[in-house]
Amino acid sequence: MALLMLPMSLMAQKFAHFNSSDIIPNMKEYTTAQDELKKMADQFDADLKLMQDELQKKSDEYQKEQANLLDNVRQRREQELQDLYQRMQQSYQDNQQALQKAQQEKLGAIQEKVMAAVKKLGEAGQYVYIVDISTGAIPFVSTTLSTDITDQLKKEVGIAQ
């Protein structure tokens with residue numbers, strides 16, 4: 001009797017799937033985050049360009065005067081150039097880390113919003129599993145036996161259709 005009931009109980013379970021790559025890039029928050037990250041990267045690039053220009057200017061001046069400088073002055077100038085170069089490298093690394101951290105924070109908040117919507121729809125629809133088919137981690141999802149909730153998620157996260 002239990003073996004006869006097993007297939008019926010499996011049929012009662014509901015499964016769903018969605019495609020986050022069809023949702024996240026269309027969210028207003030994603031567009032805003034991308035714009036903010038671009039502005040941040042552009043500012044970092046501008047700052048770095050100023051440092052590069054200053055280094056180039058000082059290097060050119062040093063090259064012109066190098067032959068006429070006393071040894072102690074020449075050594076001091078070389079050390080100044082080296083220090084400026086190291087500051088520029090450190091600034092570049094710091095900027096890259098700051099940009100990466102900002103990207104993780106902004107995209108993390110967006111992913112949390114999508115996952116909260118998935119959870120809400122999962123509970124409301126009484127789904128056993130909901131999988132994101134865009135990750136590629138799932139070897140197979142039967143789209144005929146599973147409900148596609150991508151459009152519902154779009155609505156839930158505020159994407160107009």
Side-chain angles (χ1 to χ4, degrees), residues 1-59 81-161:
M1 182 72 155
L3 290 175
L4 293 175
M5 297 299 283
L6 186 61
M8 290 179 12
S9 67
L10 286 176
M11 296 303 277
Q13 294 179 349
K14 293 170 59 178
F15 302 92
H17 65 276
F18 68 99
N19 187 346
S20 64
S21 64
D22 192 30
I23 296 171
I24 292 175
N26 294 308
M27 293 174 66
K28 184 179 95 172
E29 294 91 335
Y30 181 81
T31 305
T32 301
Q34 292 300 326
D35 291 344
E36 290 172 1
L37 291 169
K38 180 163 180 10
K39 285 179 187 175
M40 187 179 201
D42 289 347
Q43 181 61 50
F44 289 158
D45 288 345
D47 293 346
L48 190 62
K49 175 78 169 108
L50 287 174
M51 292 179 86
Q52 287 173 331
D53 291 347
E54 180 183 358
L55 178 62
Q56 186 63 47
K57 179 183 170 188
K58 288 187 177 197
S59 180
L81 289 172
Q82 184 65 28
D83 291 346
L84 184 56
Y85 179 73
Q86 288 175 348
R87 281 197 319 269
M88 188 176 71
Q89 284 184 318
Q90 186 63 48
S91 178
Y92 175 77
Q93 290 174 356
D94 292 346
N95 290 349
Q96 290 301 310
Q97 288 173 351
L99 191 60
Q100 190 173 43
K101 181 180 178 186
Q103 184 177 21
Q104 288 172 347
E105 289 172 358
K106 291 177 185 306
L107 295 180
I110 292 167
Q111 289 172 335
E112 285 177 20
K113 182 176 181 177
V114 171
M115 289 302 114
V118 168
K119 183 177 180 182
K120 182 177 177 181
L121 290 175
E123 289 171 353
Q126 297 180 334
Y127 294 104
V128 176
Y129 291 105
I130 299 177
V131 268
D132 181 358
I133 60 173
S134 71
T135 62
I138 308 298
F140 172 75
V141 174
S142 172
T143 56
T144 56
L145 298 175
S146 174
T147 304
D148 186 352
I149 62 168
T150 301
D151 289 337
Q152 291 173 286
L153 272 174
K154 285 180 179 179
K155 186 177 181 182
E156 191 66 34
V157 297
I159 298 173
Q161 295 184 25

Check whether any side-chain N or O of Thr150 sits under 3.5 Å from a backbone N or O of Asn19 as a donor-acceptor pair, and report yes or no. yes

Only one of Glu29, Gln111, Lys113 passes side-chain contact (heavy atoms from CB on, under 4.5 Å) with Ile24; say which it is. Gln111

How many angstroms lie between CD1 in Ile130 and OG1 in Thr147, if you round to the nearest 0.5 Å? 9.0 Å

What pairs of donor and acceptor atoms, side-chain ones from residues 40-48 against any protein atom, are under 3.5 angstrom apart with sequence neighbours left out?
| residue | atom | partner | partner atom | Å |
| --- | --- | --- | --- | --- |
| Asp42 | OD1 | Lys38 | NZ | 3.4 |
| Asp42 | OD2 | Lys38 | NZ | 3.1 |
| Gln43 | NE2 | Asp47 | OD1 | 2.8 |

One pair to check against side chain to side chain contact (heavy atoms under 4.5 Å, CB included): Lys49 and Gln52. What are the steps and the verdict? CA-CA 5 Å; Lys49 175 78 169 108; Gln52 287 173 331; 4.2 Å; yes

Is the backbone of Gly125 close enough, under 3.5 Å, to the side chain of Lys14 for a donor and an acceptor to pair up by distance? yes

If you look at every heavy atom in Ser146 and His17, which pair is closest and at what distance? OG-ND1, 2.9 Å

Value rounded to 0.5 Å, distance of NZ in Lys154 from CD1 in Ile149: 12.5 Å

Before you tell me yes or no, could you show the steps for Gln96 and Gln100 under side chain to side chain contact (heavy atoms under 4.5 Å, CB included), namely the whole-Å CA-CA distance, both residues' side-chain angles and the distance that decides it to 0.1 Å? CA-CA 6 Å; Gln96 290 301 310; Gln100 190 173 43; over 6 Å; no

Show your reasoning for whether side chain to side chain contact (heavy atoms under 4.5 Å, CB included) applies to Ile23 and Phe18. CA-CA 9 Å; Ile23 296 171; Phe18 68 99; 4.0 Å; yes

Could you give the distance from CG (Leu37) to NZ (Lys39), rounded to the nearest 0.5 Å? 11.0 Å

Does Gln126 CD have over 12 foreign heavy atoms under 6.0 Å away? no

Are Tyr30 and Leu107 packed together at the side-chain level, in the sense that at least one heavy-atom pair is separated by less than 4.5 angstrom? yes

What is the distance from atom CG of Asp53 to atom CE of Met88, rounded to the nearest 0.5 Å? 10.0 Å

Atom pair CE/OG of Met115 and Ser20 - distance to nearest 0.5 Å: 6.5 Å

Supply the atom-to-atom distance Glu54 CD to Leu81 CG, rounded to the nearest 0.5 angstrom. 10.0 Å

Salt bridge (Lys or Arg N to Asp or Glu O under 4.0 Å) contacts in which one or both residues fall within residues 94-107, not counting sequence neighbours: Glu36-Lys106

Between Ala117 and Val157 the two heavy atoms that sit nearest each other are CB-CG1, 3.9 Å

Within the 4.5 Å heavy-atom criterion, are Lys119 and Val114 side-chain neighbours or not? no

Has Ser59 got a side-chain atom pairing as donor or acceptor with Leu55's backbone, closer than 3.5 angstrom? no

